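Each chain gets a letter, A, B and so on, in the order its sequence line appears, and its residues count up from 1. The structure presented is a predicted model; accordingly, all values stated were derived computationally and were not measured.
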There are 2 protein chains.
Amino acid sequence: MVARSTQARPAGRKDARRNYERLLTTARTAFAEHGVGASLNDIARTAGVGNVTLYRHFPTRQALLEALLGESLRGLKARSDELLASPSPHQALATWMTAAVEHAMAYRGLVDALVNSLADPTSELHATCQAVKAAGAQLLTRAQHAGTIRPDIDASALFSLIASAAWAAERTPAYRDQLLAVMIDGLRRRTDEPM
Amino acid sequence: MVARSTQARPAGRKDARRNYERLLTTARTAFAEHGVGASLNDIARTAGVGNVTLYRHFPTRQALLEALLGESLRGLKARSDELLASPSPHQALATWMTAAVEHAMAYRGLVDALVNSLADPTSELHATCQAVKAAGAQLLTRAQHAGTIRPDIDASALFSLIASAAWAAERTPAYRDQLLAVMIDGLRRRTDEPM
DNA sequence: ACCTGAACACCGTTCAAGT
DNA sequence: ACCTGAACACCGTTCAAGT
């Protein structure tokens, strides 16, 4: 298990640390306003920093996202651990899926970045997304073992489902709960064939 | 009902018509290769045409997409009409949803464009997407009337669901059928509460 | 009427220097 | 060590002219 901390706040020169923090807070507001596609040059400019300084600290956009969201996303693992102790495996999975969708909607366009990074081992977000997927896998297999969730679904399919819900909910927020309800219901193991 | 034909092939000067056709075929292969985000300047260049010529024929990227896909997308309306005559309202909806997902996956990134255009009345794709949504609505309400589909879903939610399936399937094609199966199953009206 | 090449303001990325 | 401003090759869009 290679769970090394990605919280690598630089401990070097004082101005370097100051620039690092300024970039993070500027990026946070820029992403919140313009989505994850916000101009990086713009972020550097409003942070009062040369653009190359931004690139040195965060070589890619995904590195910046990891620095901003890694901690929160890794919180989904802790949430999963908690829920594993709850009485209803089915309800635990549903609750966690809802939380995961919320996390993936932190910024406009974020879901795309998350899904892309899961498919790209060189992405700085890759390990984080894999951890989220693994956290979901625990709850999924427990619910499958309990017999309430269809057994043909694997962790990757669950991740895709959550991502697609977040993607749609980002565009039509009014339908967020309904879309999630449909998907969670669709995961239920079929016991009847009435139609 | 404002269903005027959008097949407005220009009937003016001969070179204008030739450029129009060249742009269409070039755009088709460019979108197929690079997704709907393909460079428009590049398309004009390889079509052997000035970039402004492209913009005159197709003021926006969505206008180009409409010219390329409008006919095929409007085919979903015809398909819906056919399926309205089929014996099983439930199966008819499921079949049409599958077809709609396939249509939305014609080019990489297309689903995004379709969903955006549905929310934007000024888009050249707007009317086409609304027609698709309306086609789905017919099958939806028939199935709801038959009692097999949950009654709280409306046409917009169905469109969101189809779009999200297409979005996810574009990234993880191996799960396409499974994601669709989950969603279609989730639309089923709940008759039991076993859990 | 319809066309084209060049310009414009952007983008992410990389350069050559500065202290 | 760490920084910056300027350059590079792109993008979509618009310009001033051409025939």
TODO: May I have the distance from Arg17(A) (atom CZ) to dA1(D) (atom P), rounded to whole angstrom?
DONE: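 In whole Å, dA1(D) P lies 18 Å from Arg17(A) CZ.
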TODO: May I have the distance from Leu64(A) (atom CG) to dG12(C) (atom P), rounded to whole angstrom?
DONE: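 Those two atoms, CG and P, are 11 Å apart.
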TODO: Round to a whole Å and report the spacing from CG of Asn41(B) to P of dC10(C).
DONE: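 Spelled out: CG on Asn41(B) to P on dC10(C) is 17 Å.
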Task: Proximal nucleotide (of dC15(C), dC11(C), dC15(D)) relative to the Val52(B) side chain - done: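 Comparing dC15(C), dC11(C), dC15(D) against the side chain of Val52(B), the answer is dC15(D).
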Task: Under the 3.5 Å Watson-Crick or G-U criterion, the dot-bracket string of DNA chain D, with | for inter-strand pairs - done: ||.|||||...|||||.||
Open item on the list: Just N and O in the side chain of Ser39(A): are any of them under 4.0 Å from OP1 or OP2 of dC10(C)?
Closed with: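 Result: no.
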Open item on the list: Any heavy-atom pair between the side chains of Pro59(A) and Glu124(A) that's under 4.5 Å?
Closed with: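 Yes, at least one pair of side-chain atoms sits under 4.5 Å.
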TODO: Give a yes/no answer on whether the side chain of Thr53(A) brings an N or O atom under 4.0 Å of OP1 or OP2 in dC2(D).
DONE: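 So the side chain of Thr53(A) is outside the cut-off, no N or O lying under 4.0 Å from OP1 or OP2 of dC2(D).
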Open item on the list: How many whole angstroms separate atom CZ of Arg22(B) from atom P of dC3(C)?
Closed with: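 Interatomic distance, CZ of Arg22(B) to P of dC3(C): 11 Å.
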- [ ] Look up atom CG in Leu68(A) and atom CG in Leu125(A), then write down how far apart they are to the nearest 0.5 Å.
- [x]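 It is 10.0 Å, given to the nearest 0.5 Å.
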- [ ] Using the P atoms only, state how far dC2(D) lies from dA17(C), rounded to an integer number of Å.
- [x]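 So the two P atoms sit 22 Å from each other.
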TODO: Report yes if a side-chain nitrogen or oxygen of His57(A) is closer than 4.0 Å to either non-bridging phosphate oxygen (OP1 or OP2) of dC3(D); otherwise report no.
DONE: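 So the side-chain polar atoms of His57(A) do come within 4.0 Å of the phosphate oxygens OP1 or OP2 of dC3(D), strictly under.
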Open item on the list: Closest-nucleotide mapping onto DNA chain D: is Val49(A) or Gly37(B) further toward the 5' terminus? I mean the 5' end.
Closed with: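 Closest to the 5' end, via its nearest nucleotide, is Val49(A).
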Task: Check: Arg45(A) and Asn41(A) side chains under 4.5 Å, non-hydrogen atoms - done: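 Side-chain contact under 4.5 Å: yes.
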Task: Touch class at under 4.0 angstrom, heavy-atom based, for Ala44(B) against every strand present - done: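 Nothing, no heavy atom under 4.0 Å.
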TODO: Would you kindly give the CZ-to-C1' distance between Arg45(A) and dA9(C), to the nearest whole Å?
DONE: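 Nearest whole value for this atom pair: 11 Å.
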TODO: Look at the side-chain N and O atoms of Arg56(B) and state whether any lies under 4.0 Å from the OP1 or OP2 oxygen of dC3(C).
DONE: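 It does, given that an N or O in the side chain of Arg56(B) lies less than 4.0 Å from OP1 or OP2 of dC3(C).
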Open item on the list: With rounding to the closest Å, how many angstrom separate the P atoms on dA1(C) and dT14(D)?
Closed with: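 It works out to 22 Å between them.
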TODO: Kindly indicate whether the side chain of Ile162(A), heavy atoms from C-beta on, has any atom under 4.5 Å from the side chain of Leu158(A).
DONE: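 The answer is yes; the side chains approach within 4.5 Å.
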Task: dG5(C) phosphate, OP1 or OP2, under 4.0 Å from Asn51(B) side-chain N/O - done: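 For dG5(C), OP1/OP2 do not have a side-chain N/O of Asn51(B) under 4.0 Å.
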Open item on the list: I want to check one thing: is the phosphate of dG12(D), taken as OP1 and OP2, less than 4.0 Å away from some side-chain N or O of Arg61(B)?
Closed with: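 Answer is yes, contact under 4.0 Å.
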Task: Arg74(A) bridged to Glu66(A) by N-O distance under 4.0 Å - done: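 Yes, Arg74(A) and Glu66(A) are salt-bridged.
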TODO: Would you mind reading off the distance between Asn19(B) atom CG and dT19(D) atom P, rounded to a whole angstrom?
DONE: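 My rounded result for the distance is 18 Å.
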TODO: Measure from CD on Gln62(B) to P on dG12(D) and round the result to the nearest Å.
DONE: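 Rounded to the whole Å, the gap is 14 Å.
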- [ ] Starting from P on dT4(D), measure out to CG on Leu54(A) and report it in whole angstrom.
- [x]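 Distance, rounded to whole Å: 11 Å.
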Task: Distance (rounded to the nearest 0.5 Å) between Gln144(A) CD and Asp152(A) CG - done: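 Separation between the atoms: 8.0 Å.
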Task: Presence of salt bridge, Arg176(A) and Glu102(A), under 4.0 angstrom - done: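 Salt bridge present between Glu102(A) and Arg176(A).
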Task: Nearest-neighbour nucleotide for the Leu40(A) side chain, dT4(C), dG12(C), dC11(C) considered - done: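 Selected nucleotide: dG12(C).
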Task: Salt bridge flag under 4.0 Å for residues Arg188(B) and Asp185(A) - done: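 So Arg188(B) does not pair with Asp185(A) through a salt bridge.
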